[in-house]
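Worksheet for the structure shown next.
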2 protein chains.
Amino acid sequence: MTTTVRNPHTPTGARILDTASALFYERGIRAVGVDLIANEAGTTKKTLYDRFGSKDELVAAYLSRRAARWAAYLTDYLDRHATEPGPQRVLAVIDALEEWLKGQDRGCAFVNAYAEIGGTDHPGNAVIRQDKQDMRALFVRLVEEAGIPDPEVVGAQVHLLYEGAIVVRTAGGIDEAYDEARAAMTRLLSR
Amino acid sequence: MTTTVRNPHTPTGARILDTASALFYERGIRAVGVDLIANEAGTTKKTLYDRFGSKDELVAAYLSRRAARWAAYLTDYLDRHATEPGPQRVLAVIDALEEWLKGQDRGCAFVNAYAEIGGTDHPGNAVIRQDKQDMRALFVRLVEEAGIPDPEVVGAQVHLLYEGAIVVRTAGGIDEAYDEARAAMTRLLSR
DNA sequence: AGGGAACCATACCGGTCTGTATACTTGCAG
DNA sequence: CTGCAAGTATACAGACCGGTATGGTTCCCT
């Protein structure tokens, strides 16, 4: 009897996840079928299910990896563009976001995923919630390191501006959202 | 030859729209099929298509009516709870939102719809964009009536907090989001 | 009287959905 | 050399998708 431990970390598994990630983000989760993913990845549904077990778990893997990639991108960006603690380092999160989403109009992958799976028992929901809490914690930490009073309060408020800016920019089609967020953050971080 | 002008404003048409609205909001657009809508509304697909022409147009009708209802609800709420112009009337928009979404976890219908149809030529996209622009214009007007300088700038900033609060509250599961938004708005509206 | 809007019931269309089954090949590690 | 993970190819299951076709009934307005 062989227990066939599911291991997505194979060359084809990686190709499947890459393809699925691009399609899920670009078109939405329900809009993309496993047949399409397998074809575009140059493999078969059999292998997809051998690697990921179900579409839901593939979706969860997509969200997890996107969260990890964004975290890595953001950390790197901050270290390269705003080394010193201070308000500028908080604002630089918006710079990183703008760069990360440049030329795209699909907004936040987690907000989009929540629209499709929120309120269900889908394994992706934990990832979504975690991403928002992580972003909040990051803002609190940056505000604290900037030596600003009440970092818990101010960090949370700045986080709201960050999330609002993505929504307004993408769903609202308002290009100035990022600039507005930086200006509002500057006010909240002052004194 | 009869030109059969499509008119959704019939008793059954209203029932279809009511049913579809509840299902679309609760489960998402692609997750709900026209068969289910017709059954739940106690009618047939034939009548659904006679009234609305296509699923896309039914979705657009759902979004349009939700925008109209929220606008009416908000106007009424403000007139009853914060008659006088001033910062309190701006904050009351969050009160109204909290009441409007009370006991629900599906957040903003327009953000959710954008996640599923954004970037396509779906007729609902115009409604989504319009809703965000209307909310922005409302905030600018309320800030202006409050006698606060730079209402265009401050109104836009307050709008970011509003949109951010919905996302953080629902997708992030953070209950304090509304309180945080009111506190941040108070700071942006001061002096 | 008659025309048409509104509605119900049912069946069908081609396609897509997630997921499984069967059977085979390749390459590597003990 | 053998056992197994990883992969390909193809077919199928059963449900559901949006949308159309056919045919009939009720009721109102002219």
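Predicted model, so just to flag it, every value in this text is computed and none were measured.
Applying the ring-ring contact (aromatic ring centres under 6.0 Å, His included) rule to pairs touching residues 160-191 of chain A yields F139(A)-Y162(A), sequence neighbours excluded. For residues 105-125 of chain A, no residue pair satisfies the salt bridge (charged side-chain N to carboxylate O under 4.0 Å, His left out) rule, not counting sequence neighbours. Within the structure, every pair that satisfies the ring-ring contact (aromatic ring centres under 6.0 Å, His included) test and touches residues 22-45 of chain B, not counting sequence neighbours, is listed here: F24(B)-Y62(B).
Atom pair K55(A):NZ and dT16(C):P shows a separation of 14 Å (rounding to whole Å applied). In this structure, the CG atom of L48(B) is 15 Å from the P atom of dA6(C), given to the nearest Å. Rounded to a whole Å, the CG atom of L58(B) is 14 Å from the C1' atom of dG19(D). As rounded to whole Å, 14 Å separates atom C1' of dG15(C) from atom CG of L36(A). In this structure, the CG atom of N39(B) is 11 Å from the P atom of dT10(C), given to the nearest Å. One atom, OH of Y49(B), and another, C1' of dT10(C), lie 16 Å apart when rounded to the nearest Å. What separates NZ of K45(A) from C1' of dT18(C) is a distance of 7 Å, to the nearest Å. The separation between D35(B) atom CG and dC17(C) atom P is 17 Å, rounded to whole Å.
L58(B) and A20(B) get closest at one heavy-atom pair: CD2-CB, 3.9 Å.
Judged as a side-chain contact (heavy atoms from CB on, under 4.5 Å), and not counting sequence neighbours, the contacts of R69(A) are D18(A), R65(A), W100(A). Not counting sequence neighbours, the partners of Q130(B) by the side-chain hydrogen bond (donor to acceptor under 3.5 Å, both in side chains) test are D134(B). When the side-chain contact (heavy atoms from CB on, under 4.5 Å) test is applied to E144(A), the partners found at least two apart in sequence or on another chain are P151(A). A search for side-chain contact (heavy atoms from CB on, under 4.5 Å) contacts involving V153(B) returns D150(B), Q157(B), not counting sequence neighbours. Partners of D79(B) by side-chain hydrogen bond (donor to acceptor under 3.5 Å, both in side chains), not counting sequence neighbours: none found.
The local environment of CD in Q104(B) is crowded, with over 12 non-hydrogen atoms from other residues, nucleotides or ligands closer than 6.0 Å. With a 6.0 Å radius and a threshold of 12 heavy atoms from other residues, nucleotides or ligands, E99(B) has its CD atom above the threshold.
Mapping T44(B) and V34(A) onto DNA chain C by nearest heavy atom places T44(B) at the nucleotide closer to the 5' end.
Within 4.0 Å (heavy atoms only), G42(A) reaches sugar-phosphate atoms of the nucleic acid but no base atom. The residue T10(B) sits close only to the backbone: its heavy atoms come under 4.0 Å of sugar-phosphate atoms, none of a base.
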Give each protein N/O atom lying under 3.5 Å from an N/O atom of nucleotides 21-23 of chain C, with the pair distance.
none

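Listed nucleotides dC8(C), dG7(D), dC12(D) differ in distance to T47(A); the shortest reach to its side chain belongs to dG7(D).
Looking at residues 115-128 of chain B, you'll see that no heavy atom sits under 4.0 Å from any atom of DNA chain D. In the region residues 14-30 of chain B, proximity to DNA chain C at under 4.0 angstrom, judged on heavy atoms, holds for R15(B).
Between R51(B) and the phosphate of dA5(C), there is no side-chain N or O to OP1/OP2 separation shorter than 4.0 Å.
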Please tabulate, for side-chain N and O atoms in residues 84-92 of chain A, each donor-acceptor pair with protein atoms closer than 3.5 Å (sequence neighbours left out).
unit_1: R89(A); atom_1: NH1; unit_2: L78(A); atom_2: O; d: 3.4
unit_1: R89(A); atom_1: NH1; unit_2: A82(A); atom_2: O; d: 2.8

